[in-house]
Amino acid sequence: QEAQDLTEKSIAILVAAVGEKDKRVATALNSLAGYVAASGDLVEANRTLLRALAIKRELNGPNHPSLASTLVNLMEMDRMRGRPTDGAIHGQEALRILSGQSNRKLNDSLRRVQVGVAEAFLASGDSRAALVECEALERELDSEVSASIHGRVLTCLGNANIAVGKRALGKAFLEQALETFEEKEGPHPRRALALFALAKVETHAERSIELGRLALRYLSDAGPEWRNELMSVQSWLNKHGVTIP
């Protein structure tokens with residue numbers, strides 16, 4: 001809250017001094033959105049990001065690299081707000097911009113956006129598009145990829161294969177995702193999603209509930225940014241007769 005207050009004051013000072021259409025205002029708005037989201041006001045956080053994006057578009061045009069960070073943040077905000085179709089649109093625009101850059105340091109950023117787009121496809125019901133994206137990503141992964149991105153790709157492959165009827169293959173990918181997260185990620189929200197996905201296809205009831213409970217524990221500590229996912233796990237456990245304290 002203190003960070004949010006200070007950032008809001010700095011934006012007001014900047015706007016008074018240099019006007020709304022300034023890159024420093026856009027940068028500050030990008031940061032402010034994160035603090036607002038952490039407070040739980042996702043609608044205002046989304047509005048703040050759109051304001052930042054509008055400034056960047058006016059200053060730099062539609063293809064400037066500076067737009068990508070805000071577009072990626074909007075894609076993540078769309079996930080939080082349960083709007084995966086919008087998330088795919090924002091992510092694809094960010095990909096178009098990032099793909100035009102030759103800097104090798106952007107490789108990890110590209111992968112993160114690619115898997116985000118695939119996850120958005122999956123959440124919006126386009127499992128085949130998600131499968132194509134994640135299969136392409138898996139082929140490109142190398143030893144330098146982070147455990148977080150690798151685990152997300154494997155989780156996406158698991159969910160997408162299950163969605164197109166390849167249950168055994170999907171389950172194998174989810175097990176592999178958990179092993180990947182296990183090494184470096186610990187109780188991370190993304191690992192919780194892999195746990196929950198596996199819980200839903202696990203045939204042994206006791207292990208299924210155990211996985212669901214563990215996913216719930218991880219998401220309970222993850223903050224309002226993961227509220228929708230937390231509610232999904234709670235609802236699933238309730239349907240399986242598990243009382244949530």
Residue list, side chain to side chain contact (heavy atoms under 4.5 Å, CB included) with Ser232, at least two apart or on another chain: Phe196
By side chain to side chain contact (heavy atoms under 4.5 Å, CB included) - contacts of Ile162 (at least two apart): Leu174, Val201
Share the residues that join Met77 in a hydrophobic cluster, the rule being Ile, Leu, Val, Met, Phe, Trp or Tyr side chains under 4.5 Å apart at the heavy-atom level. Leu42, Leu49, Leu50, Leu53, Leu67, Leu71, Leu74, Met80, Ile97
Under the 4.5 Å side-chain heavy-atom rule for ILVMFWY, direct or indirect, which residues accompany Ile89? none
Any salt bridge linking [X] with [Y]? Criterion: basic side-chain nitrogen under 4.0 Å from a carboxylate oxygen.
X	Y	answer
Glu140	Arg111	no
Glu119	Arg79	no
Glu175	Arg207	yes
Glu58	Lys23	no
Glu44	Arg47	yes

For a 4.5 angstrom cut-off between non-hydrogen side-chain atoms, does Arg217 reach Leu214? yes
Passes salt bridge (Lys or Arg N to Asp or Glu O under 4.0 Å), Glu133 versus Arg152? Steps please. CA-CA 12 Å; Glu133 289 287 335; Arg152 286 175 67 181; over 6 Å; no
Side chain to side chain donor-acceptor pair (under 3.5 Å) partners of [X], counting only residues at least two apart:
X	result
Glu225	none
Gln1	Asp5
His150	none
Asp221	none

Partners of [X] by salt bridge (Lys or Arg N to Asp or Glu O under 4.0 Å), sequence neighbours excluded?
X	value
Glu135	none
Arg24	Asp22
Arg112	Asp108

Taking [Y]'s backbone N and O only, do any of them form a donor-acceptor pair with [X]'s side chain (distance below 3.5 Å, no angle check)?
X	Y	result
Asp78	Gly87	yes
Ser124	Phe121	yes
Lys21	Leu59	no
His188	Arg190	yes

When hydrophobic residues are tied together by side-chain contacts of less than 4.5 Å, even through go-betweens, does Leu141 share a cluster with Leu169? yes
In the single-linkage hydrophobic clustering (I, L, V, M, F, W, Y; side-chain heavy atoms under 4.5 Å), do Leu29 and Tyr35 co-cluster? no
Mind checking ring-ring contact (aromatic ring centres under 6.0 Å, His included) for His240 and listing every partner two or more places apart, or none if nothing turns up? Trp236
